[in-house]
A.B. asks: 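Here it is: the structure, laid out below.
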Amino acid sequence: MKAFLLILVAVIIVALVITGLMFGSVYNGLVSKEEGVSGAWAQVENVYQRRADLVPNLVETVKGYAAHEKETLQSVIDARSRIGKIDTSSKIISSPDMLAKFQDAQTQLSSAIGRLLVVVERYPDLKASQNFLALQNQLEGTENRITVERRRFNEAAQDYNAFRRQFPNYVVANMAGFRNKAYFQADQDARTVPQVKF
Amino acid sequence: MPRIFKVITLSLLVVAVFASRLFAFDIPPRADGYVTDRAGLLSPSARVELEAKLRTFDQQTSTQIAVAIFPSLEGGSLEDISMRIAETWKPGQKDRDNGVLLLVFRDDRKIRIEVGYGLEGVLTDVVSGQIIRQEIAPCFRRGNYASGVEAGVDAIMLAVRGEFKAKKSSGDGRQLAALVFIILLIVLPPLLRKGSGGDDRRGRRRGGFFYTGTGYRSGGSRGGFGGFSGGSFGGGGASGGW
């Protein structure tokens with residue numbers, strides 16, 4: 001009887017140790033994948049910030065040639081300032097609503113810039129100026145970076161979400177409070193983002 | 001009669017399948033060398049010369065510039081295909097991301113310079129755009145592809161030179177190297193038993209290309225090109241055309 005109890009205790013201890021180890025490795029996997037998502041998000045923020053930083057320069061350059069296009073210029077400025085007010089803390093990547101709001105504001109800036117670039121078409125001097133050509137390169141490059149980093153973010157989020165939802169990972173994830181990550185949606189507006197090309 | 005229909009439908013289907021396969025741009029899994037000319041735009045001698053120049057530049061600065069010329073985008077988007085090629089070939093050192101990809105699509109008349117993360121500060125979008133507009137496109141418009149590519153590569157080299165140095169010690173680092181050598185002479189012997197980590201590293205510093213024997217040049221298109229060194233790209237650079 002005593003021997004039986006001893007074996008039972010040993011088995012329980014071994015089972016506990018194995019469970020603990022498994023829990024630990026799943027937990028570590030979650031942590032490192034979540035870090036991957038956060039890193040990708042930081043890059044996304046970075047490139048969007050880059051675009052926001054270009055806006056004042058763009059507005060100034062266009063103003064120099066087309067000062068009376070006030071309305072279009074103002075809509076770019078407004079869209080830019082709305083972005084500044086958005087909460088981009090780390091919570092955003094776990095909340096589809098917040099991310100959608102962020103994306104929406106960015107899309108508005110995209111279309112405001114797009115409208116401005118259409119206006120620019122009417123000013124050949126502006127279009128041909130070195131300053132504007134340079135800005136155009138920067139805008140193109142930034143849009144391209146945004147596409148790239150958004151895709152990488154979605155890939156990282158997908159990788160994390162797939163891992164999180166597997167058995168037994170989701171047990172650990174739920175216990176330790178790891179939440180699903182949100183994705184960027186390929187919305188219709190974003191698809192028709194102005195091609196900054198002539 | 002129905003049989004003929006069947007045959008016709010079947011052959012149409014086969015054609016459709018092949019056509020769809022032809023339509024998508026196939027990313028070559030690896031570069032042919034520093035220069036990958038799948039459109040035959042460069043003469044063999046120009047290609048060899050450019051290849052040697054880019055290899056020397058890699059050895060001197062560890063910056064890897066890849067030149068790739070294709071016949072057509074096959075209906076794909078320039079930026080998308082360019083990024084996929086950059087992500088597949090990975091020019092640039094892994095820890096420095098100092099790679100550049102110069103892409104030309106003959107039939108679409110499109111040019112793109114894709115810039116690795118580590119060079120975005122010096123080879124900015126603006127500079128890349130200027131190189132395309134002022135160096136490459138004018139030559140291409142005259143039909144002089146070799147000199148256009150060369151002018152582009154020269155301008156890229158000019159822009160990125162000085163940003164990175166090859167990790168092996170160069171002339172002006174000689175004193176430091178001597179000092180390090182002396183210190184190593186004192187410190188190393190007791191550590192030597194621990195293994196060959198130092199040698200490994202020096203091997204990697206050469207810049208990432210491995211040669212099989214001596215046949216690199218004479219060995220033809222594949223020969224000894226071991227691929228680029230794992231640089232990453234974030235979409236920087238510029239697009240243009242001629």
Side-chain angles (χ1 to χ4, degrees), chain A residues 36 39-55 57-58 60-61 106 110 113 117 120 126-156 159 184 186 190-198, chain B residues 73 76-88 90 92 97 99-103 105 108-138 152 155-156 159 231-242:
Chain A
W41 174 251
Q43 281 296 92
V44 169
E45 268 193 292
N46 223 347
V47 289
Y48 272 122
Q49 184 60 45
R50 188 190 170 100
R51 182 170 71 172
D53 291 344
L54 284 176
V55 167
N57 202 347
L58 175 70
E60 280 310 307
T61 309
Q106 295 292 358
S110 299
I113 292 176
L117 291 174
V120 167
L126 168 58
K127 248 176 71 179
S129 79
Q130 284 301 315
N131 211 350
F132 184 74
L133 280 174
L135 258 174
Q136 195 186 318
N137 277 143
Q138 283 173 305
L139 275 172
E140 271 178 17
T142 306
E143 292 294 347
N144 196 37
R145 286 185 179 88
I146 289 174
T147 316
V148 170
E149 298 303 349
R150 268 174 55 151
R151 172 170 59 81
R152 289 190 183 152
F153 172 80
N154 273 2
E155 281 167 6
D159 184 43
F184 276 106
R191 272 182 197 286
T192 53
V193 157
Q195 287 280 306
V196 198
K197 266 175 204 153
F198 301 108
Chain B
L73 284 164
S77 113
L78 174 64
E79 281 79 11
D80 178 47
I81 287 174
S82 160
M83 180 44 83
R84 274 160 53 205
I85 294 175
E87 283 177 338
T88 312
K90 297 174 180 301
D97 298 328
V100 182
L101 179 64
L102 171 59
L103 271 173
F105 292 91
D108 305 271
R109 304 174 83 82
K110 287 221 193 295
I111 307 164
R112 176 157 179 86
I113 296 177
E114 195 77 48
V115 181
Y117 276 122
L119 291 172
E120 283 185 1
V122 281
L123 193 56
T124 59
D125 300 351
V126 177
V127 172
S128 311
Q130 278 169 352
I131 291 174
I132 292 175
R133 279 196 304 277
Q134 292 165 13
E135 308 289 337
I136 307 178
I156 292 172
S232 26
F233 287 73
S239 311
W242 75 93

A.B. asks: Side chain to side chain contact (heavy atoms under 4.5 Å, CB included) for B:Glu114 and A:Asn144? Distances and angles first, verdict last.
C.D. replies: CA-CA 11 Å; B:Glu114 195 77 48; A:Asn144 196 37; 4.2 Å; yes

A.B. asks: Using 0.5 Å steps for rounding, measure from the CD atom of A:Glu143 to the CD atom of B:Glu79.
C.D. replies: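 If I round to the nearest 0.5 Å, the distance is 11.0 Å.
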
A.B. asks: I need the minimum non-hydrogen distance between B:Gly235 and A:Val148, along with the two atoms involved.
C.D. replies: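 Scanning both residues completely, I find the closest heavy atoms to be CA-CG2, 4.1 Å.
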
A.B. asks: Which pair of non-hydrogen atoms, one from B:Tyr117 and one from A:Arg152, has the smallest distance, and what is that distance?
C.D. replies: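 Minimum heavy-atom separation between B:Tyr117 and A:Arg152: OH-NH1, 3.1 Å.
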
A.B. asks: What's the separation between atom CZ in B:Arg133 and atom CG in A:Leu133, rounded to the nearest 0.5 Å?
C.D. replies: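 If I round to the nearest 0.5 Å, the distance is 4.5 Å.
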
A.B. asks: Counting only heavy atoms closer than 4.5 Å, note whether A:Gln138 contacts chain B via side chain, backbone, both or neither.
C.D. replies: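 Both the backbone and the side chain of A:Gln138 come within 4.5 Å of chain B.
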
A.B. asks: Grab the two heavy atoms, one from B:Asp125 and one from A:Arg145, that are nearest each other, plus how far apart they are.
C.D. replies: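 For B:Asp125 versus A:Arg145, the nearest heavy atoms are OD2-NH1, 2.7 Å.
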
A.B. asks: Sort B:Arg112 into side chain, backbone, both or neither according to what part of it lies under 4.5 angstrom from a heavy atom of chain A.
C.D. replies: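 Just the side chain, heavy atoms under 4.5 Å.
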
